Each structure stands twice: as C-alpha cells, then as structure tokens.
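So the structure is just underneath, and the comments pick up after that.
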Amino acid sequence: MWLAAKLSEPLRLRRGFSFLAGLIFILLMTYGISLSAETGEHIKVIRIEESINPGTAAFLARGTQQAVEDEAVLLVVQLDTPGGLVSSMRTMVKTIMNAPLPVVVYVSPSGAQAASAGVFVVMAADVAAMAPGTNIGAAHPVVAGGKEMDETMDTKMVNDLVAFIKSIASKRGRNADWAEEAVRKSVSITAEEALRLKVVDLVAQDMDDLLLQLEGWPVQTKEGEKKLSLKGLSTEGVEENLRDKILKTISNPNIAYLLMLIGLAGLYFELSHPGAIFPGVIGGISLILAFYAFQTLSVNYAGVLLILLGAILFLLEIKVTSYGLLSIGGVICLTLGSIMLFNTGTTGLRVSWSVLIPAVLVISGFFMAVAFLAIRAHMAKPRTGYQGLIGEVAVAKESLAPEGK
C-alpha cells in the first residue's frame with residue numbers, strides 16, 4: 001500500500017501539471033480570440049458633444065491611440081460643439097493632424113454645430129463632413145472673464161489664430177480665405193454653403209451615408225496617397241473610461257462652480273462648529289477639485305476672490321455684531337463673483353443662469369442660517385458647569401452651616 005501510494009504521487013503531479021497547462025492554454029486561446037475580435041479592419045467612432053476642454057482633448061487623444069492599437073482603418077469624430085478653450089483646441093488639432101490613420105470629422109446630427117474652436121478641429125481633418133441642418137463658423141476669439149481686450153491684444157490674438165487656421169486649411173486644401181473671415185468677422189455658414197465654398201468635403205445624411213460616400217476616397221498617409229476601402233467594415237464606438245468622465249465632468253464650469261461653493265460651505269460649517277469633521281473633509285476635497293478644474297478653464301480670478309471674500313464676510317458675521325450688514329455684503333460679493341467667474345462669450349464655458357441663481361440663493365441662505373445658529377448658541381445661557389447653576393433655585397438637603405448639600 002505504501003509503495004502504491006508513492007508510485008501514485010508522480011502520477012497525480014503529472015495530472016495536475018497537465019490540467020494547469022490545459023487551463024493556461026484555454027486562457028491564452030480565449031485572450032487571443034478576444035484580441036482578434038478587438039483588432040483587425042474596422043472603423044472607430046468618437047462622439048464629442050460638448051465644449052472643447054481638457055477632458056475632450058484627452059478623450060480624443062486616447063481614442064486615437066486606441067484606434068491605432070486596434071488596427072482600425074479609419075477614425076470618425078462625430079462633432080457637436082459650441083467651441084471652447086484655445087489650448088485644448090490646439091491639442092486636438094495636433095492629435096488629428098499627426099494621427100497615423102485617416103481622421104474624418106463629421107459635424108452631426110442635424111442641428112449640431114462646429115462653432116468657435118470647433119472650426120479649427122473640422123479644418124484639421126483629413127476629410128471634413130457635415131450633416132444637413134448643421135452650421136460652422138463664428139471663430140473669433142473671446143477673452144475669458146467678461147473683460148474687453150485692448151486693441152493691441154485683440155489684434156495679436158486674432159492674427160495668431162488667423163495664421164494658424166490658414167495654415168491648417170492650406171495643408172488640407174480647403175478655403176483659407178473663408179477660414180480667415182470666420183476668425184476675423186465671426187461669419188457662420190450652413191452645411192450646403194460650406195460644401196459650395198469648399199470649407200468641407202462632403203455633406204452626408206447620416207453615418208451610413210457618410211461611409212458610403214467615403215468609399216474610394218483618396219487620403220494622404222505616411223506611406224503616400226491611398227483610397228479608402230470601407231465596404232463590409234463594422235463601426236465600433238470609443239467609450240469613455242473613468243478618468244475621461246471625471247476630467248470632463250469637473251471641467252464643466254457648472255460643476256467646477258458648484259464644487260467651489262460646496263467646498264466653501266463645508267469649511268465654513270466646520271469653522272463655525274468645530275469638531276463636526278465630515279463637512280470639513282468634504283469641503284476640503286471639493287475645493288481641491290474645484291481649483292484643479294480652474295487650472296483647466298479660463299477663469300476670472302477677480303470673481304474667485306469676490307466669492308472667497310463673501311465667505312469671509314459670512315464667517316465674520318459670527319464674531320462681529322454687524323446687525324446683518326456683513327451678511328448683506330457677503331451675498332453681494334457671492335453674487336458678483338459668481339457672475340464674473342466664467343462670463344465668456346461661449347455658452348458651454350460659463351455658468352448657466354439656471355445653476356447660478358439657485359446656487360447663490362441656497363448658499364447665501366445656508367451661510368446666514370449657520371451664522372444665526374452660531375450667534376444664538378453664543379448668546380444662549382450656559383446650561384452646564386458652575387455657570388449653568390447661576391440663577392437656579394436649589395433645595396437644601398441639610399443645614400448649610402456654612403456648608404452642606
């Protein structure tokens with residue numbers, strides 16, 4: 001029995017190794033099958049339907065890299081944007097113009113636009129397309145903060161962007177004169193006018209019509225000119241990962257603004273009621289996220305300082321008897337700072353009135369309510385300790401001669 005057991009041990013080991021090797025082989029085969037499903041000839045589609053900001057620029061860069069790694073033959077950027085930041089726009093233009101595969105920018109669906117910075121993105125594409133009922137143009141630069149640029153600064157910025165867009169249009173063989181007018185005079189045109197003026201290459205009803213028209217279309221690649229062959233190819237969308245979603249979310253001016261107000265409210269509550277801890281932690285995290293977002297957005301820091309001054313005035317209301325004057329000053333500072341914070345000419349890069357007005361009312365009410373509670377707590381009669389006994393009626397349990405209960 002002992003000998004049989006000894007002889008069976010190597011057999012069990014061999015069987016165990018065989019099972020493990022088979023399992024590894026199956027896993028490798030499964031990985032290979034899934035990898036082959038992800039790679040091979042297909043068309044990648046990226047949808048950008050918001051303002052141009054660091055989040056969208058990072059999303060486009062990652063999507064382009066993914067298209068290259070998955071061996072896609074074409075990248076289609078479905079665009080609908082009111083414009084955005086010049087720095088992010090330049091990043092997107094560089095991504096498109098240096099992509100190893102052909103890139104099509106398609107302004108769609110009907111009702112979409114490629115305004116302001118979006119014009120540059122369309123011009124940079126290997127093939128520029130628009131859906132009926134869309135428009136492109138109005139690319140004159142607007143300074144952040146609601147301030148008027150002096151003539152010298154305006155001229156410098158406009159001339160720089162004109163040179164940039166003309167170089168892009170010339171390289172792609174598009175109408176450089178119209179591109180200059182879009183920047184200098186903020187002209188805007190429909191899809192049909194853009195096709196007639198050679199601003200875009202084609203007008204397509206939908207994605208199927210676009211791919212049908214692109215069949216056999218000549219594009220320039222690093223290996224030279226080649227014609228697109230798209231028949232029978234499937235389309236795969238590029239999904240946003242968690243990092244893309246977080247970056248795009250906090251780069252939204254409305255979200256950044258609310259994060260700052262939440263942060264100030266949390267810290268204000270912690271300072272007025274020490275020991276609460278949770279509001280202070282939430283407030284600190286929210287403020288850090290808000291100021292990170294401000295680094296990616298063009299903000300007017302006078303607006304930021306006014307909002308901070310408003311929070312300080314609310315805090316002083318607890319310590320100084322002002323009969324409400326400090327709170328009134330805090331409300332005024334908070335309102336003016338909120339209006340000035342992202343007051344740009346681009347709709348997608350400023351705080352919406354539907355967010356600003358309720359936020360100012362709620363936060364002002366919160367600050368004043370906390371201040372009222374803190375003042376009432378300071379003025380209330382002590383209820384514990386020796387001070388809490390002063391003025392109370394006591395019953396003598398024994399003779400007080402001179403001490404007793």
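Just so you know, these numbers come straight off a predicted model, no measurement behind them.
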Are any non-hydrogen side-chain atoms of [X] and [Y] less than 4.5 angstrom apart?
X      : Y      : result
Asn159 : Thr155 : yes
Leu264 : Phe314 : no
Leu230 : Trp217 : no
Leu60  : Thr91  : no
Ile48  : Met92  : yes
Lys226 : Val219 : yes
Asp201 : Arg174 : yes
Leu289 : Ile255 : no

Under 3.5 Å, side chain of [X] to main-chain N/O of [Y], donor-acceptor pair present?
X      : Y      : value
His42  : Leu233 : no
Asp80  : Gln113 : yes
Glu236 : Ala67  : no
Ser286 : Gly283 : no
Asp70  : Ala72  : no
Glu270 : Ile277 : yes
Tyr106 : Ala204 : yes
Thr81  : Glu50  : yes
Thr56  : Asn53  : yes
Glu180 : Lys166 : no

Next on the checklist: Would you say CD of Glu398 has more than 12 non-hydrogen atoms from neighbouring residues, nucleotides or ligands within 6.0 angstrom?
Outcome noted: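 Count over threshold, so yes.
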Checklist entry - Do other residues, nucleotides or ligands put more than 12 heavy atoms under 6.0 Å from the CD atom of Glu215? => result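 It does: Glu215 CD has more than 12 such atoms within range.
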Which atom pair, heavy atoms only, marks the closest approach of [X] to [Y]?
X      : Y      : value
Ala114 : Leu79  : CB-CD2, 4.2 Å
Ser108 : Gln78  : OG-CG, 3.0 Å
Ala256 : Ala290 : O-CB, 3.8 Å
Gln66  : Lys44  : NE2-NZ, 3.4 Å
Leu101 : Val73  : CD1-C, 4.3 Å
Met97  : Lys171 : CE-CD, 3.2 Å

Item to check | Contacts of Phe59 that satisfy ring-ring contact (aromatic ring centres under 6.0 Å, His included) - sequence neighbours left out | outcome: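 Checked Phe59 against ring-ring contact (aromatic ring centres under 6.0 Å, His included); zero matches.
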Item to check | Contacts of Asp160 that satisfy salt bridge (Lys or Arg N to Asp or Glu O under 4.0 Å) - sequence neighbours left out | outcome: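 Asp160 satisfies salt bridge (Lys or Arg N to Asp or Glu O under 4.0 Å) with Arg90 once adjacent residues are dropped.
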Return the [atom1] to [atom2] distance between [X] and [Y], rounded to the nearest 0.5 Å.
X      : Y      : atom1 : atom2 : result
Met260 : Ile307 : CE    : CD1   : 3.0 Å
Leu259 : Asn254 : CG    : CG    : 11.0 Å
Glu41  : Ser234 : CD    : OG    : 10.5 Å
Leu334 : Leu308 : CG    : CG    : 10.5 Å
Leu341 : Leu356 : CG    : CG    : 9.0 Å
Ile46  : Arg62  : CD1   : CZ    : 8.0 Å

Next on the checklist: Leu202 vs Leu210, test: side chain to side chain contact (heavy atoms under 4.5 Å, CB included). Steps then yes/no.
Outcome noted: CA-CA 8 Å; Leu202 54 91; Leu210 174 68; 3.5 Å; yes
Item to check | Trace of the side chain to side chain contact (heavy atoms under 4.5 Å, CB included) decision for Trp178 with Ile189 | outcome: CA-CA 10 Å; Trp178 179 88; Ile189 54 177; 3.6 Å; yes
Which donor-acceptor pairs under 3.5 Å do side chains of residues 120-138 form with protein atoms, sequence neighbours excluded?
from	atom 1	to	atom 2	distance (Å)
Asp126	OD1	Arg172	NH1	3.1
Asp126	OD2	Val103	N	2.8
Thr134	OG1	Ala131	O	2.6
Asn135	ND2	Ser188	OG	3.4

